[in-house]
Chemist: 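One structure is given below, represented as structure tokens, and several questions about it will come after.
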Amino acid sequence: MPYDILLLVKQVPDTANVTAEAMRDDGTVNRGALPAIFNPEDLNALETALEARDRYGGSITVLTMGPPKAADILRACLYRGVDRAILLTDRRAAASDTLATSYILAQAIKTIGHFDLVFAGRQAIDGDTAQVGPQCAEKLGVTQITYLEELVSLVDRTVRIRRDTGNGWEIVEAELPILATVTSTANRPRPEAVRKMLRFKKARGETELAAEVKAELRDASAEQRNEEVQRRLTTLGEAGLRIEQWDLDTIGADLARCGLSGSPTVVYRVQSIVLTKEGYTEIPATEDGARQLIHELVVDHTLG
Amino acid sequence: MIEVNRQGEVWVFAEQQDGTLQEVVLELCGKARELADRLGVTVGAVLPGTAREELPEQLIAHGVDHVYVVNDPRLEHYQTASYARILSVLIEKHAPQIVLYGATATGRDLAPRVASAMQAGLTADCTDLEIKDVTDRKTKTVHEKLLLQIRPAFGGNIIATIVNYDRWPQMATVREGVMPMLDPDPSRPGQIVEEEVALGPEFFPLKILQRHVEPRTVNLKGARVIVSGGGGVGSKDGFNRIHELAGALGGAVGASRAAVDNEYIDKGHQVGQTGTTVRPALYIAAGISGAVQHRAGMEESAKIIAINNDPDAPIFSVAHYGMVGDLHQLIPMLVKALRDRR
Ligand SMILES: Cc1cc2nc3c(=O)[nH]c(=O)nc-3n(C[C@H](O)[C@H](O)[C@H](O)COP(=O)(O)OP(=O)(O)OC[C@H]3O[C@@H](n4cnc5c(N)ncnc54)[C@H](O)[C@@H]3O)c2cc1C
């Protein structure tokens with residue numbers, strides 16, 4: 001039985017490797033300067049999806065929400081053998097919290113239509129919330145299985161999964177469809193395949209193409225450029241190299257549930273923490289001393 | 001989602017495993033008590049599972065006023081759908097203003113499912129919670145006595161404070177080991193409320209074929225800030241100071257072997273040669289002499305602060321900052337200095 005497999009991935013700033021270049025003079029992190037990477041546990045989800053398809057048959061559609069640049073990680077999925085790639089990009093989706101994000105992703109999944117298994121990484125390293133997977137599952141009304149460590153078996157419509165319970169593990173059985181979030185201990189993601197890379201490195205989404213055309217045809221009118229973009233999109237589509245690009249209208253999203261207005265949580269304050277190593281300083285054992293120490297930690301960016 | 005309800009209770013999800021409450025639940029009971037006292041409301045706990053009398057009693061002794069019990073043998077082992085249903089139904093019914101969950105694997109599986117069903121906000125992995133009036137910068141509206149949900153974010157590079165103005169309940173998962181546990185008071189009065197929630201077979205979509213439980217370990221390795229207490233803390237009670245400072249800093253709690261041997265805290269928190277080796281961004285050692293076996297587990301920390309009343313304690317030799325004095329006086333000063341900064 002061929003299975004329709006969906007994969008949710010996210011491009012994230014590399015928060016684990018804050019380099020000197022990413023530091024501002026005041027010692028805070030300049031997020032924009034951090035390299036954008038494939039969220040690590042989403043690579044484990046990708047590997048789980050690939051193994052499932054290779055073992056049980058079917059096809060994989062990968063979906064990401066993000067800026068046009070997030071097409072990078074969709075290509076990285078194509079290089080590893082994913083069948084179809086969809087980029088959901090829309091400025092109106094910016095500043096979505098996990099509730100709004102999961103609403104948008106669930107709408108997009110409903111637009112894709114039929115699915116049997118959805119895989120996502122356990123959590124993304126920029127927020128570490130682990131909330132989007134379960135919230136999508138709720139909106140889709142499907143069984144959620146978090147912290148997948150092994151897809152044990154898939155027979156007809158019955159799946160068995162070993163999941164991490166935080167202080168041990170359990171093997172659960174469920175009927176499809178399901179949504180599973182995958183942990184870093186599940187597998188070792190395969191490298192990109194060179195032949196697929198050669199083939200799919202030309203894969204593009206519409207906004208990316210438009211930027212390329214704009215750079216190439218400086219003197220052309222907007223109309224001419226647009227025609228050229230459409231022409232190239234058609235060619236890419238025929239060659240199977242088109243990254244489908246959707247926005248909130250494509251998925252019929254209720255705008256009140258997207259972006260800031262769809263987000264119940266509000267960031268009230270942000271304090272930066274940065275570190276540098278220094279020598280031993282004695283601090284007087286007084287209230288002033290305590291304040292001085294905390295101040296000192298702020299100034300040397302141990303605390304923000 | 002429920003309306004803003006200032007009379008609403010402060011709730012704790014009473015996660016149990018094999019008939020034992022998770023430690024973080026008892027920590028949350030104490031925090032919920034503190035928040036509820038500030039708000040002038042009562043504390044509730046939701047306890048799904050099979051009938052066991054000790055658990056409601058334990059919750060009440062730790063500060064809960066109303067224990068909402070849902071008895072059903074099918075709830076013995078956690079599964080998302082049935083537990084999420086119970087929480088959603090009871091939240092609709094009783095309209096609590098705050099719901100806290102331990103940031104355990106189960107809490108982090110359950111809370112988002114509930115938040116999505118309620119279309120309410122949720123903040124993950126909080127390390128501190130406070131009540132404060134907040135002015136919406138855009139509308140200038142003052143939201144009275146909101147829950148400040150404080151958590152490290154962005155790989156620990158920032159501390160974010162999150163609020164939820166009006167799509168209540170205000171919900172958060174709270175990291176294990178950062179809130180001090182109150183001493184239980186078995187004489188505290190409290191009420192057990194039996195609740196019925198209709199659960200069809202669709203709320204039990206999982207068959208649990210096999211379970212394997214391992215002894216729990218504390219996640220010290222992943223912590224960016226660790227506050228450790230040693231033999232110098234003097235008592236189990238006194239060790240709450242360590243929890244408090246860790247909470248204010250959004251850090252984890254560590255310990256020397258003397259603290260573990262004196263049963264101030266359990267072995268999972270021990271740092272050192274026979275405990276965990278850690279390299280956090282900030283390590284604070286309070287009442288720890290700095291024996292070589294302890295230093296072996298922490299001297300690679302990026303920044304070390306030592307608090308000790310003995311100026312010659314060896315811990316100062318690896319410290320970047322030192323405070324000579326009584327930790328019971330100094331830690332509250334540090335907590336205050338930290339809070340004043342916000
Ligand atoms: C094989 C082996 C393995 C070991 N492994 C470990 C290990 O993994 N981890 C570990 O920690 N230890 C380990 N030890 C034990 C280690 O040798 C020390 O005994 C232990 O670290 C002492 O803990 P401590 O400094 O907290 O307590 P103490 O030695 O009791 O020191 C207490 C300190 O607190 C100070 N103090 C007292 N009151 C106050 C106050 N009010 N305010 C401020 N300061 C105060 C004192 O000046 C003193 O410095 C091991 C030992 C052996 C032999």
Side-chain angles (χ1 to χ4, degrees), chain A residues 15-16 18 29 31 97-99 102 125-131 134-135 137-139 143-147 160 164-175 264-275 277-283 285-287 289-291 293-294 296 298 302 304, chain B residues 80-81 84 104-106 108-109 112-113 115-117 119-125 134 148 153-165 167 205-216 281-282 302-303 305 316 319-325 329-330 333-334 336-338 341-342:
Chain A
T15 57
V18 176
V29 180
R31 299 180 203 197
D97 73 358
T98 64
L99 190 77
S102 65
I125 58 169
D126 54 346
D128 292 330
T129 73
Q131 288 173 188
Q135 291 185 323
E138 193 278 334
K139 294 197 167 67
T143 301
Q144 88 190 36
I145 301 175
T146 48
Y147 326 127
R160 284 188 182 178
D164 180 2
T165 54
N167 58 345
W169 49 265
E170 62 186 17
I171 296 180
V172 296
E173 185 178 278
E175 296 298 299
T265 58
V266 178
V267 178
Y268 169 61
R269 193 204 328 264
V270 169
Q271 298 160 297
S272 299
I273 300 183
V274 182
L275 293 156
K277 193 155 180 159
E278 272 172 32
Y280 167 49
T281 316
E282 186 167 342
I283 305 288
T286 59
E287 291 225 358
R291 265 197 297 275
L293 174 58
I294 299 302
E296 192 84 26
V298 173
T302 299
Chain B
T80 318
T104 59
T106 294
R108 280 160 60 91
D109 178 86
R113 187 95 185 188
S116 178
Q119 292 192 39
L122 174 66
T123 303
D125 252 347
V134 172
L148 299 193
F154 216 66
N157 294 296
I158 61 171
I159 299 250
T161 301
I162 313 285
V163 293
N164 170 357
Y165 295 142
R167 280 175 262 184
L206 296 184
K207 254 193 250 164
I208 299 167
L209 303 178
Q210 218 181 323
R211 281 175 78 237
H212 175 79
V213 178
E214 281 154 16
R216 290 190 53 73
L282 176 62
K303 184 138 290 178
I305 300 177
F316 288 116
H320 302 93
Y321 293 101
M323 285 181 104
V324 179
Q329 282 169 5
L330 293 175
M333 290 178 192
L334 288 172
K336 183 166 180 300
L338 276 165
R341 204 168 45 95
R342 286 205 186 105

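Lettering follows sequence order; numbering is per chain, from 1.
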Chemist: Heavy-atom pairs under 4.5 Å with chain A are the metric here; pick the option from B:A115, B:A84, B:P205 that has the most.
Modeler: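 Max contact count across the listed options: B:P205.
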Chemist: Look at the side chain of B:S116 and the backbone N and O of B:P112, then say whether any donor-acceptor pair between them is shorter than 3.5 Å.
Modeler: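 No: the side chain of B:S116 does not pair with the backbone of B:P112.
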Chemist: B:Y165: what forms a ring-ring contact (aromatic ring centres under 6.0 Å, His included) with it, not counting sequence neighbours?
Modeler: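 Listed in chain order: B:H143.
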Chemist: What part of B:A117 lies closer than 4.5 angstrom to a heavy atom of chain A: side chain, backbone, both or neither?
Modeler: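 Contact with chain A involves both backbone and side-chain atoms of B:A117.
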Chemist: Could you have a look at B:Q210, B:R113, B:K336, B:R167 and say which one has the most heavy-atom pairs with chain A under 4.5 angstrom?
Modeler: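 Highest number of pairs under 4.5 Å: B:R113.
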Chemist: Look at B:N164, B:T106, B:I162 and state which one has the largest set of heavy-atom pairs under 4.5 Å with chain A.
Modeler: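 The residue among B:N164, B:T106, B:I162 with the greatest pair count is B:I162.
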Chemist: Could you tell me which of B:L334, B:V163, B:I208 has the largest number of non-hydrogen atom pairs under 4.5 Å with chain A?
Modeler: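 Of B:L334, B:V163, B:I208, B:V163 has the most heavy-atom pairs under 4.5 Å with chain A.
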Chemist: In terms of heavy-atom proximity below 4.5 Å to chain A, should B:D125 be classed as side chain, backbone, both, or neither?
Modeler: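 Contact with chain A is through the side chain of B:D125 alone.
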Chemist: Are any non-hydrogen side-chain atoms of B:L148 and B:V134 less than 4.5 angstrom apart?
Modeler: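 Answer yes - side chains close enough.
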Chemist: Rounded at 0.5 Å granularity, tell me how far CG in A:D164 sits from NE2 in B:H212.
Modeler: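 Nearest 0.5 Å value for the CG-NE2 distance: 11.0 Å.
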Chemist: Output the option from A:K139, A:Q144, A:E170 having the highest count of non-hydrogen pairs under 4.5 Å with chain B.
Modeler: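 Ranked by contacts with chain B, first place is A:Q144.
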Chemist: Which one wins on heavy-atom pair count under 4.5 Å against chain B: A:V270, A:D97, A:V266?
Modeler: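 Option with the top pair count is A:V266.
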Chemist: Report yes if the side chains of A:L99 and B:L122 come closer than 4.5 Å at any heavy-atom pair, otherwise no.
Modeler: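 The answer is no, as the side chains (C-beta and beyond) never meet within the 4.5 Å cut-off.
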Chemist: Any side-chain heavy atom of A:T143 within less than 4.5 Å of one from A:E175?
Modeler: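 No, their side chains stay 4.5 Å or more apart.
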Chemist: Contact part of B:Q329 toward chain A, heavy-atom cut-off under 4.5 Å: side chain, backbone, both or neither?
Modeler: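 B:Q329 has no heavy atom closer than 4.5 Å to chain A.
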Chemist: Could you check if a side-chain atom of A:I145 sits within less than 4.5 angstrom of a side-chain atom of B:L206, using non-hydrogen atoms only?
Modeler: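 Yes; the side chains approach each other to less than 4.5 Å.
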Chemist: Side chain, backbone, both or neither: which part of B:T123 has a heavy atom under 4.5 Å from chain A?
Modeler: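 For B:T123, heavy atoms of backbone and side chain both lie under 4.5 Å from chain A.
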